[in-house]
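Keep in mind that what you see is a predicted model, and the values were worked out from it rather than measured. Proteins come first, then strands; the chains are lettered A, B, ... in the order of their sequence lines, and each starts at number 1.
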There are 2 protein chains.
Amino acid sequence: MAVIDRKKLILEAAAKSFSLFGYKATTMDQVAKLANVGKGTIYTFFKTKEELFDDIINSLIADIRFEVESVLDETSTILDNVNNVLVRIHAFRESHQLTIKLIQEERDMGTQTVVEAMQRVEQSIIQYMKGIIQKAIDKGEIKDCDPEVTAFVMLKMYFSLVIDWQRNHPPLKKEEIAKLFELYLLKGLLA
Amino acid sequence: MAVIDRKKLILEAAAKSFSLFGYKATTMDQVAKLANVGKGTIYTFFKTKEELFDDIINSLIADIRFEVESVLDETSTILDNVNNVLVRIHAFRESHQLTIKLIQEERDMGTQTVVEAMQRVEQSIIQYMKGIIQKAIDKGEIKDCDPEVTAFVMLKMYFSLVIDWQRNHPPLKKEEIAKLFELYLLKGLLA
DNA sequence: AAACTGACTAAAAAACTAATTTGGTCATTT
DNA sequence: AAATGACCAAATTAGTTTTTTAGTCAGTTT
């Protein structure tokens with residue numbers, strides 16, 4: 001169509017700016033410039049800067065879910081599924097500037113809006129994982145356990161291995177991380 | 001002896017102040033007052049405020065190690081040992097104002113000295129755990145694995161369950177945490 | 001004279017103020 | 001009717017002054 005979809009332009013510009021500079025350092029003037037749009041136009045689509053940001057976070061959550069969905073295979077074993085999801089998420093994270101930038105801003109500046117947003121991302125992932133885990137329990141693939149605690153522990157372990165380990169050691173390769181998941185969480189340490 | 005042990009007085013006063021107010025908010029004047037000692041006297045024992053603080057952190061590390069040592073039993077199974085250590089550490093943490101205050105200061109203010117100190121505490125615990133885990137491997141109690149990664153994962157899982165889980169849920173009881181450790185790390189999720 | 005002290009200083013932090021930036025509005029233009 | 005950008009109040013930042021604090025050292029005490 002000849003009519004320009006300004007909302008889309010704005011969302012793209014904002015996503016780019018948030019990825020590049022983070023939440024705080026992104027100004028509405030800048031987004032307007034980047035989107036080739038008057039500042040007022042942004043406010044016909046989004047009530048506040050935070051609402052614009054939240055919209056982009058929702059896309060992020062949807063994207064992550066889509067990535068995971070595209071790799072999950074109901075007929076595979078849980079072990080393969082976990083492995084595949086880990087690899088996919090790993091690739092996603094590396095490619096996705098926005099997540100990296102926001103994690104940074106959360107850590108370094110503690111911007112309230114960003115902290116809350118990441119909290120929401122985490123909660124969404126956990127809720128989604130919960131369903132997957134419940135299915136695995138029903139299928140009898142894994143032991144009976146609280147799906148939410150299990151999702152929580154999995155996610156935390158993943159972040160620990162990917163992010164925290166790097167503080168004092170060379171980073172673990174994605175195959176190593178998958179192996180460790182298998183050993184610690186699925187098979188267990190007991191000989 | 002009739003002669004007052006000023007070094008001890010200073011260490012006690014400093015420990016108290018650090019526990020009560022944290023690192024930044026503790027002044028050397030305050031420590032001197034609390035210890036009933038001239039400020040200069042502190043500097044005959046400790047070159048800087050940081051050195052004084054590090055000394056106290058070393059005691060903390062030693063205390064933790066002592067607590068763990070007192071509960072470890074070479075003849076017990078790893079399962080029981082893990083369980084006992086968890087319970088002991090839990091009690092220690094709750095009773096030890098200093099750790100609580102410092103974790104708070106690290107999180108809320110990011111005081112560099114405190115971040116580094118807690119880093120050191122964590123590293124010490126991991127190094128210590130490493131030895132215990134290696135023994136368990138040698139005894140054939142647990143599978144062959146990298147003791148350092150294992151120690152790291154255990155510690156992170158513990159903190160996740162104790163600290164992070166509380167953000168969005170009622171806290172887990174210490175028996176629950178022990179059970180979860182058993183399920184996830186030792187026995188594994190696979191049915 | 002050896003141990004200890006607290007007034008002193010330079011440097012860091014906090015409080016305050018001025019100047020700038022920015023989120024959001026709305027009268028005007030397209 | 002949709003879009004705009006000059007405008008404004010509120011928030012941030014930069015710059016300055018004041019206060020606090022780590023560390024020293026001349027002098028006091030034992």
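Taking only side-chain nitrogens and oxygens, B:Arg6 comes nearer than 4.0 Å to OP1 or OP2 of C:dC4. OP1 or OP2 of C:dT5 sits under 4.0 Å from a side-chain N or O of B:Thr41. A close approach under 4.0 Å does occur between a side-chain nitrogen or oxygen of B:Lys24 and OP1 or OP2 of C:dA14. Between B:Lys33 and D:dT21, a side-chain N or O to OP1/OP2 separation shorter than 4.0 Å is absent.
Here C:dG23 presents its P atom at 11 Å from CG of A:Leu52, a figure rounded to the nearest Å. Rounded to whole angstrom, the span from the CE atom of B:Met28 across to the C1' atom of C:dA7 amounts to 17 Å. One atom, NZ of B:Lys47, and another, P of D:dA22, lie 18 Å apart when rounded to the nearest Å. The distance between atom OH of B:Tyr23 and atom P of C:dA13, rounded to the nearest whole Å, is 11 Å. At whole-Å resolution of the value, CG in A:Asn36 and P in D:dG5 are 10 Å apart. For the pair B:Phe53 CZ and D:dG23 P, the interatomic distance rounds to 14 Å; values are reported in whole Å. Protein atom CG of A:Asp29 is 17 Å distant from nucleotide atom P of C:dT20, rounded to whole Å. Going from atom CD of B:Gln30 over to atom P of D:dA22 covers 9 Å, rounded to whole Å.
Judged by the 6.0 Å distance and 45° axis criteria, A:Lys101 is not positioned over the aromatic ring of A:Tyr23.
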CA sep, side-chain torsions, deciding dist, call: A:Glu69, A:Arg88, salt bridge (charged side-chain N to carboxylate O under 4.0 Å, His left out): CA-CA 10 Å; A:Glu69 216 131 83; A:Arg88 195 54 164 271; over 6 Å; no
Verdict with supporting geometry, B:Phe53 and B:Phe18, ring pair (Phe, Tyr, Trp, His ring centres under 6.0 Å): CA-CA 8 Å; B:Phe53 182 61; B:Phe18 287 136; 5.0 Å; yes
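Salt-bridge formation is not detected for the pair B:Asp138/B:Lys135: no Lys NZ or Arg NE/NH1/NH2 atom is positioned less than 4.0 Å from an Asp or Glu carboxylate oxygen.
From B:Gln112, atom CD reaches atom CD of B:Glu106 across 10.0 Å, with rounding to the nearest 0.5 Å.
Residue A:Thr48 is in sugar-phosphate contact alone, with no base atom involved, counting any heavy-atom pair closer than 4.0 Å across all strands shown. Contacts of A:Lys49 with the nucleic acid, taken as non-hydrogen atoms under 4.0 Å apart, involve only primed sugar atoms and P, OP1 or OP2.
You'll find that the side chain of B:Lys39 is closest to D:dG23, out of C:dG23, D:dG23, C:dT5.
Toward the 5′ end of DNA chain C lies the nearest nucleotide of A:Ala25, the other residue of the pair A:Ala25 and A:Gly40 mapping further downstream.
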